[in-house]
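Here's the structure we're looking at; comments come further down.
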Amino acid sequence: MNKKLADLTDEELIKVFQDSNTIEAYEILVKRFKDPLMNFVYRFVGDKDISTDIVQDTMIKFYLNKDSYKSFAKFSTWIYTIAGNLAKNELKRRKRRTILSLSNDDKEHTIQVEDKSYYAPDRLADGSIKSEIIQRALLKVKPVYREVVILRDVQGLSYEEIAEITKLSIGTVKSRINRGRTQLQKLLKNIYKE
Amino acid sequence: MENNLYNNDSQFEKIVKTLQSLPKIKTESNFEFKLMTRIQNKNFVIESENRRFNKAWILAPSFTAVAAAVLLFFVFSDNPIEFENLLMQEPKMRSEIVTSPEPGVTEAQSAKSSVADNTPQVEEEIAKDERYRVVVNPNDAVVKERITPTFDENKSVDLDNVMNGRNIRSKVSSRALLAGGGSQSNFNFDGFIFRGSDKQMEVLRRQIDSIRSSMQQQNNLK
């Protein structure tokens, strides 16, 4: 039975879970999506503990609101939407808390993430430092652009899936991805000079 | 057109590769166990939303400021310099200039403070039209004597009181009378109240008589 469930697609599994409240189907879906969601939320929020909480909450919401999923949509887009909304709420809450901080919404905001002289090339060769710099740069990109860039370039979703998750048109998604990439490129220009 | 413009991924080839090469973040090993425990316990509180409604952090700066103020208070309260709060001080009695503005209020209370002296203390009490003298004897016996004024109150001045500053407030008109100023056109001068022994009075009278006689002699010579 379990093997059979494991072979099912995401949409078939949620159908089983909706129809017979089979907890195994739910567990398989959790296993499939916990890591991709964690990666997406962490890149968007930048904090592991908060990201873990958000992914847990996403799974709880999925458990509680399984019936609100409609079969014509992809399960992945549905669960990404839940996680994305929770992550955006977290960012809003954090923004309210941060009274004295530089605004990330400033379009003219061109503060360098890292100074070239600070990170020597040999240190940049260290992958962990480089990925840390990229993560910091990502967090400086405007959230509306950051979300789509992560979904596209980190998670590898298609434009159609991103449009479905963000409830935007494909054109807007592409435009936002381009703007986000441009911002990121400016922020990381010292890395690419190497 | 728009699609062509934004489909040009080659422009961002490096950045796309960099993002794709980022390490994948995974959940903790006990993620599913925690999740299933929450579900079994029916603990469906959304942690991230619950955190959002926790407003305790708003008060954090206030708590910090209050704590700092309390600390500073205790740190600086050991300062050896003590400042006297003038508002908390007892008003100093200046019995020699303070008189009762209302008739009937005794001044004898101020005399009690100086009872320790062995000399008899004499104070006057003014009650309406009557004048009393309170005598405190060395054996602490207080005797109240009535004084019959020998001069018209309105036309005379108690020189001792004025000189000692006792009647500053209550007898302003009398002081004007003493100075001979004010609005009174007729300056009627009846004399002074003089406190002293008969011998002193006799000596003064003789001195005054001798002065008068010498003045008369001078006038006669002129």
Side-chain angles (χ1 to χ4, degrees), chain A residues 23 26-27 30-31 34-43 48 50-61 63-64 86-87 89-90 92-93 96-97 99 127-128 130-131 134-135 137-138 149-150 152-154 156 159 170-171 173-178 180-182 184-185 188 191-192, chain B residues 1-69 72:
Chain A
I23 200 73
Y26 171 77
E27 282 176 337
V30 169
K31 258 184 197 161
K34 62 174 184 168
D35 288 338
L37 287 178
M38 180 69 182
N39 195 44
F40 163 60
V41 174
Y42 173 74
R43 295 297 172 202
K48 271 193 178 176
I50 291 170
S51 304
T52 305
D53 282 350
I54 289 171
V55 178
Q56 282 262 341
D57 293 344
T58 305
M59 295 305 181
I60 292 287
K61 283 207 162 192
Y63 179 84
L64 293 174
L86 287 171
N89 287 343
E90 171 62 26
K92 281 180 195 169
R93 189 183 62 84
R96 280 198 294 269
R97 281 182 63 176
I99 298 162
S128 62
K130 194 172 181 180
S131 60
I134 295 161
Q135 176 61 34
L138 257 178
V149 166
I150 293 168
R152 174 69 183 164
D153 294 335
V154 179
Y159 289 121
I170 291 177
V173 168
K174 285 181 178 177
S175 148
R176 286 189 178 183
I177 289 171
N178 250 32
R181 284 170 176 170
T182 308
L184 203 57
Q185 205 166 37
L188 296 170
I191 288 180
Y192 295 119
Chain B
M1 179 65 186
E2 189 188 53
N3 281 350
N4 289 338
L5 181 69
Y6 294 127
N7 279 339
N8 188 13
D9 283 356
S10 59
Q11 188 189 344
F12 301 105
E13 196 179 344
K14 280 184 178 177
I15 198 88
V16 172
K17 276 188 179 177
T18 307
L19 290 172
Q20 284 172 347
S21 66
L22 280 172
K24 302 292 177 192
I25 307 297
K26 292 185 175 180
T27 53
E28 296 165 352
S29 55
N30 60 352
F31 178 87
E32 284 170 84
F33 174 75
K34 277 185 181 174
L35 180 66
M36 297 318 289
T37 311
R38 278 179 71 181
I39 290 169
Q40 277 177 0
N41 295 337
K42 299 199 184 298
N43 176 17
F44 299 133
V45 178
I46 304 298
E47 298 286 339
S48 53
E49 286 184 355
N50 195 35
R51 235 188 353 256
R52 182 153 46 115
F53 293 111
N54 182 7
K55 300 289 182 189
W57 57 267
I58 292 172
L59 299 173
S62 311
F63 283 134
T64 312
V66 170
L72 286 172

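The analysis underlying the following values was restricted to heavy atoms, covering all of them including side chains, and did not include hydrogens, waters or symmetry mates. By convention in this document, chain letters (A, B, ...) are assigned in the order of the sequence lines, proteins followed by strands, and residues within each chain are numbered from 1.
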Taking atom CG of L19(B) and atom OG of S131(A), what is their separation to the nearest 0.5 Å?
11.5 Å

With a 4.5 angstrom heavy-atom cut-off, is it the side chain or the backbone of L138(A) that approaches chain B, or both, or neither?
side chain

Return yes if some donor-acceptor pair links the side-chain N/O of D153(A) with the main-chain N/O of I15(B) below 3.5 Å, else return no.
no

Is it the side chain or the backbone of I23(A) that comes within 4.5 Å of chain B heavy atoms, both, or neither?
side chain

Structural part of Y26(A) lying under 4.5 Å from a heavy atom of chain B
side chain

Whether the side chain of E32(B) engages the backbone of V30(A) through a donor-acceptor N/O pair (distance < 3.5 Å, no angle test) should be reported.
no

Passing candidate, side-chain contact (heavy atoms from CB on, under 4.5 Å) with F12(B), options V149(A), N178(A), L184(A):
N178(A)

Could you give me the CA-CA distance, side-chain angles and deciding distance for K26(B) and M38(A), then say whether side-chain contact (heavy atoms from CB on, under 4.5 Å) is met?
CA-CA 6 Å; K26(B) 292 185 175 180; M38(A) 180 69 182; 5.8 Å; no

Hey, does D57(A) have a side-chain heavy atom less than 4.5 Å from the side chain of R38(B)?
yes

Backbone N/O of V154(A) and side chain of K24(B): donor-acceptor pair under 3.5 Å
yes

Specify which of K31(A), K48(A), R43(A) makes the most heavy-atom pairs with chain B at under 4.5 Å.
R43(A)

Need one label for I60(A): side chain, backbone, both or neither, based on atoms under 4.5 Å from any heavy atom in chain B.
both

Between CZ of R181(A) and OG1 of T18(B), what distance do you get to the nearest 0.5 Å?
11.5 Å

Chain B contact via T182(A) - which portion, at a heavy-atom distance below 4.5 Å
both

Value for CZ (R152(A)) from CD (Q20(B)), rounded to nearest 0.5 Å, stands at 8.5 Å

Pair K34(B) + D53(A), salt bridge at N-O below 4.0 Å
no

Test side-chain contact (heavy atoms from CB on, under 4.5 Å) applied to T27(B) and T52(A), step by step
CA-CA 7 Å; T27(B) 53; T52(A) 305; 5.9 Å; no

Just so I know, are the side chains of K61(A) and F44(B) near enough to count as touching, which here means a heavy-atom distance under 4.5 Å?
no

Please tell me if the side chains of N39(A) and L22(B) come closer than 4.5 Å, counting only heavy atoms from C-beta onward.
no

